[in-house]
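Reviewing the structure listed below.
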2 protein chains.
Amino acid sequence: MSKKYRSDAMAAIHETMAALHDAGAIDKQTMRRFDEACLTPIRPLKPKEIKAIREREQVSQSVFATYLNVTPSLVSKWERGEKKPSGASLKLLSLVEKNGLAAVA
Amino acid sequence: MSKKYRSDAMAAIHETMAALHDAGAIDKQTMRRFDEACLTPIRPLKPKEIKAIREREQVSQSVFATYLNVTPSLVSKWERGEKKPSGASLKLLSLVEKNGLAAVA
DNA sequence: CCATTCTATAGCACCCAGTGCCATAATTCA
DNA sequence: TGAATTATGGCACTGGGTGCTATAGAATGG
């Protein structure tokens with residue numbers, strides 16, 4: 001079995017796993033570990049990578065910021081390396097990188 | 001025309017709009033305003049609402065935190081009202097509320 | 001039955017991400 | 001040329017988020 005799943009396929013598999021769990025076929029711990037295991041990996045993004053993502057989506061810093069619910073000022077700082085996106089911000093950026101801006105609309 | 005769009009329908013419409021723009025049928029400014037207009041609105045989430053979202057998804061604080069790329073400690077604080085989720089965090093929580101955990105996997 | 005693990009709450013110190021505002025310059029469009 | 005958008009930059013501030021540790025209760029397992 002491959003290690004990569006498209007998000008819709010992952011969702012389907014998850015539902016199957018949940019059904020198995022409800023039926024008592026697998027225990028909670030296995031279920032929990034399954035959940036944690038099949039998330040898209042998060043890696044730190046370099047300033048240029050962030051800018052590349054935004055330009056691929058053809059939007060200005062301002063529009064990009066609106067999508068992520070942050071300030072345009074912050075987007076500029078991400079792209080220049082003045083600030084580094086953290087936890088939730090990094091997760092959002094990763095989502096956009098993988099699935100496009102529409103995925104967070 | 002209704003005001004609500006499912007995210008896939010939104011994406012399709014956006015592509016159409018982009019194509020119209022490329023063809024010169026609409027100008028950049030209209031395109032920009034369209035982009036900003038059709039985002040899912042972000043409203044502040046109350047502690048109980050955050051807990052309700054997590055429990056609807058049937059996951060522990062720890063697993064929930066992993067999905068959002070934050071610490072379990074922070075999820076606990078959100079749910080007890082000790083900290084209020086902001087910009088990117090609030091956006092992520094709103095996404096989960098609307099589209100489920102699978103949408104941010 | 002007890003032992004163990006997972007769960008959630010809690011407190012505390014720390015710090016940097018993110019905000020807000022404003023000024024500047026380059027670019028685009030009428 | 002003038003108006004509007006875009007991006008960079010600085011600077012002060014604050015609270016969101018981390019990291020660690022401890023506790024108690026619930027669920028699991030031998």
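First the proteins, then the strands, lettered A, B, ... as listed; each starts at 1. As the structure is a computational prediction, the values presented were derived from the model and not from experiment.
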Check whether any side-chain N or O of [X] sits under 3.5 Å from a backbone N or O of [Y] as a donor-acceptor pair, and report yes or no.
X	Y	result
A:Lys51	A:Lys46	no
B:Ser76	B:Pro72	no
A:Arg54	A:Val59	yes

What is the distance, rounded to the nearest whole Å, between atom [atom1] of [X] and atom [atom2] of [N]?
X	N	atom1	atom2	value
B:Leu74	C:dC15	CG	P	19 Å
A:Gln58	D:dT6	CD	P	14 Å
B:Glu55	C:dA8	CD	P	8 Å
A:Glu79	C:dA17	CD	C1'	16 Å
B:Ile50	C:dA8	CD1	C1'	15 Å
B:Phe64	C:dT7	CZ	P	15 Å
A:Leu90	D:dT18	CG	P	11 Å
A:Trp78	C:dC16	CH2	C1'	14 Å

Out of [options], which has the shortest distance to the side chain of [X]?
X	options	value
B:Arg54	C:dA8, D:dA7, D:dG16	C:dA8
A:Ser60	D:dT8, D:dG16, D:dT6	D:dT6
A:Lys84	C:dT9, D:dT18, C:dA17	C:dA17
B:Arg80	C:dA10, C:dG18, D:dG17	C:dA10

Hey, does [X] reach any base, or is it just sugar-phosphate, or nothing, if we go heavy atoms under 4.0 Å?
X	value
B:Lys77	base
A:Ser76	base
B:Pro72	nothing

Looking only at side-chain N and O atoms, does [X] come under 4.0 Å of OP1 or OP2 in [N]?
X	N	value
A:Ser86	C:dG18	yes
A:Ser89	C:dG18	yes
B:Gln61	C:dC6	no
B:Thr71	D:dG17	no

Whichever of B:Ala88 and A:Ser73 has its nearest DNA chain C nucleotide further upstream toward 5':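 In this pair, the answer is B:Ala88.
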Let me spell it out: for each of B:Glu82 and A:Lys83, pick the nucleotide of DNA chain C with the closest heavy atom. Which residue's pick is nearer the 5' end? B:Glu82
Answer yes or no: is there an ion pair linking A:Glu49 with A:Arg43, defined by an N-O contact shorter than 4.0 Å?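 Salt bridge: yes.
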Do B:Leu92 and B:Tyr67 come within less than 4.5 Å of each other through their side chains, counting heavy atoms only? no
Distance (rounded to the nearest 0.5 Å) between A:Phe64 CZ and A:Leu93 CG: 5.5 Å
